[in-house]
2 protein chains.
Amino acid sequence: MNTLSYGLLSLISHSPLSGYDLMLKIQPFWPAKHSQIYPLLANMEKENQVTFELVSQSDKPDKKVYSITAEGIESLKLWLTEPASDPVMRDELMLKAYCVSFVDPAISRKLFIDRLEYYHMKLQRYKDKIANIQKADGLKEGEVPSYRSPLFGAYILLNKALMSCRTNIEWCEWVLSVIPPEEK
Amino acid sequence: MNTLSYGLLSLISHSPLSGYDLMLKIQPFWPAKHSQIYPLLANMEKENQVTFELVSQSDKPDKKVYSITAEGIESLKLWLTEPASDPVMRDELMLKAYCVSFVDPAISRKLFIDRLEYYHMKLQRYKDKIANIQKADGLKEGEVPSYRSPLFGAYILLNKALMSCRTNIEWCEWVLSVIPPEEK
DNA sequence: GAGAGCATGTAAGTGGTTACATGATTCC
DNA sequence: GGAATCATGTAACCACTTACATGCTCTC
């Protein structure tokens, strides 16, 4: 059971999901490819943390839908009592930013303009998701789901994503404002 | 030449550094252990991206101090013209946050209190560093080094670190304000 | 019929961590 | 003498990515 396994278990704990669904859902919090996820699910099934059910679909291929077991819930609770390890952020733009002085402002600006676009795209997606949660829980704007609501976790996470995204946008715009517009 | 190699090259481009120094300096932007860095430096030396000089020290063990070559500078410039790959963030706290509802508020609170302390520590370190840069470049509070200054990159990066840190602190405090204080 | 999305898996290779190994120097 | 920091390296292992492989279903 590594960190990604616990992450998958977290998602499954809220509602049964297929490996494919898990792969899509976990991206914002812990990027992982399907090739990493499927073997972990098989292991967790062997260790009775999850069970699966084969679900036939008429409009799509069949799938394995995983559910958490009582044993899995206990593992999750135990894991939550342990301190979280330090966050790891790896961003090539940070490395490039360190030596932008070597190249023309136009080249530097492009890096930050691209990144700005990336964050604007993310921002819109997070906004949509948070609106969905509020609709699902019948909440008004800015109202927070109750601590015991299964949506509480998703809500605080989306807020974090939203806040980080806005900060990143602010930073990119500031950097663009301090890079000279042109140079020959 | 992978991303970490270019990151090392970025740092070396500003001033000659030993493998040990590089290991310490690159942590905030691209965490890496010495065991990963030393072999990459040896490779880059073989490919004439960097050269090293053995420096004897009286108060400390001898070291290899690496400098960038003309060829290395060209590689850096070329790398800067390529778009930066998407940032990767992996934070165990995000996964735990998703299922905090399963445990008592006291256990959840601890996770965020610990993280808050972590970010406060970081914040102080970044503040100190930014003050050092402004002193080194003879700048006033809020004044930005010129684009061509070798400190420009470090300055914008430290600002990013500072802003992100503050946003994370804000988020942790908000989460603590929406987790009920106790429960029996 | 081709392409895109859904769905699951394995194999090979790279990136990154932990552990092993050594040794100098300084401070307590 | 022991612990901490500086300094460099290798080996084994785990995490992660890319590529290979297969097949269903829907839309154009």
Side-chain angles (χ1 to χ4, degrees), chain A residues 1-9 11-12 16-47 50-66 85-92 94-95, chain B residues 1-9 11-12 16-47 50-66 85-92 94-95:
Chain A
M1 290 289 291
N2 57 19
T3 308
L4 177 54
S5 297
Y6 282 109
L8 297 171
L9 210 51
L11 294 182
I12 298 170
L17 289 167
S18 69
Y20 191 83
D21 290 336
L22 282 163
M23 184 263 293
L24 295 176
K25 263 208 160 186
I26 207 162
Q27 294 309 316
F29 313 119
W30 196 279
K33 315 282 175 181
H34 72 273
S35 54
Q36 201 184 359
I37 290 171
Y38 290 127
L40 292 180
L41 285 171
N43 285 343
M44 285 199 284
E45 200 265 336
K46 254 187 249 165
E47 287 169 27
V50 295
T51 50
F52 71 87
E53 195 190 355
L54 267 163
V55 173
S56 300
Q57 297 179 114
S58 53
D59 54 334
K60 291 174 201 170
D62 299 354
K63 61 181 174 180
K64 287 183 178 179
V65 175
Y66 288 86
S85 49
D86 291 349
V88 171
M89 168 74 145
R90 287 202 176 89
D91 186 352
E92 201 179 4
M94 300 302 101
L95 302 177
Chain B
M1 290 291 287
N2 57 19
T3 307
L4 178 53
S5 297
Y6 281 109
L8 297 171
L9 208 53
L11 295 183
I12 298 170
L17 290 167
S18 67
Y20 191 83
D21 290 337
L22 283 163
M23 184 262 293
L24 295 175
K25 263 209 161 185
I26 207 163
Q27 294 309 316
F29 313 121
W30 197 279
K33 315 283 173 179
H34 72 273
S35 54
Q36 202 183 358
I37 291 171
Y38 289 127
L40 292 179
L41 285 170
N43 285 343
M44 285 198 284
E45 199 266 336
K46 254 186 250 168
E47 286 169 28
V50 295
T51 51
F52 71 87
E53 194 190 354
L54 266 162
V55 173
S56 300
Q57 299 181 114
S58 53
D59 56 334
K60 291 174 201 171
D62 299 355
K63 60 182 176 180
K64 287 183 179 180
V65 174
Y66 288 87
S85 50
D86 292 349
V88 170
M89 168 73 147
R90 289 201 174 90
D91 185 352
E92 201 180 2
M94 300 300 101
L95 302 177

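- At whole-Å resolution of the value, CG in A:Leu22 and C1' in C:dT8 are 13 Å apart.
- Rounded to the nearest 0.5 Å, atoms CZ (A:Phe52) and CG (A:Leu41) are 10.0 Å apart.
- Place B:Gly19 and A:Trp30 on DNA chain D by their nearest nucleotides, and B:Gly19 ends up nearer the 5' end.
- In this structure, CG in B:Leu4 is found 7.5 Å from CH2 in B:Trp30, a value given to the nearest 0.5 Å.
- Listed here is the closest heavy atom pair of B:Ser56 and B:Asp62: CA-OD1, 3.5 Å.
- Put simply, NZ on A:Lys33 is 17 Å from C1' on C:dT10, counting in whole angstrom units.
- Between the P atom of C:dG16 and the NE2 atom of B:His34 lies a distance of 16 Å, rounded to the nearest Å.
- In 5' to 3' order, the nucleotides of DNA chain D bounding all contacts with chain A (an atom under 4.0 Å from a heavy atom) are D:dA15 to D:dC26.
- Nucleic acid contact class of A:Ser58 (heavy atoms, under 4.0 Å, all strands): sugar-phosphate only.
- Atom CD1 of B:Ile37 and atom P of C:dG15 are 14 Å apart (whole Å).
- If you find the closest nucleotide of DNA chain D to B:Leu24 and to A:Pro31, the one lying nearer the 5' end belongs to B:Leu24.
- Counting heavy atoms from C-beta outward, B:His34 and B:Tyr20 have side chains that stay 4.5 Å or more apart.
- With rounding to whole Å, A:Gln36 atom CD is found 16 Å from C:dT8 atom P.
- To the nearest 0.5 Å, atoms CG (B:Leu9) and CE (B:Met44) are separated by 5.5 Å.
- Between the OH atom of B:Tyr38 and the P atom of C:dT17 there is a distance of 16 Å, rounded to whole Å.
- Here the C1' atom of nucleotide C:dA4 and the CG atom of A:Asp59 are 15 Å apart, to the nearest Å.
- Between A:Asp62 and A:Ser35, the residue anchored closer to the 5' end of DNA chain C is A:Asp62, taking for each the nucleotide with the nearest heavy atom.
- Of the two residues near DNA chain C, A:Gln57 and A:Pro39, the one whose nearest nucleotide lies more 5' is A:Gln57.
- Interatomic distance, A:Met23 CE to A:Ser35 OG, rounded to the nearest 0.5 Å: 9.5 Å.
- Comparing C:dG16, C:dG23, C:dT10 against the side chain of B:Pro61 picks out C:dG23 as the nearest.
- If you take CZ of A:Phe52 and P of C:dT8, they are 10 Å apart, rounded to a whole angstrom.
- Shortest non-hydrogen contact noted between A:Met89 and B:Pro87 is CE-CB, 4.4 Å.
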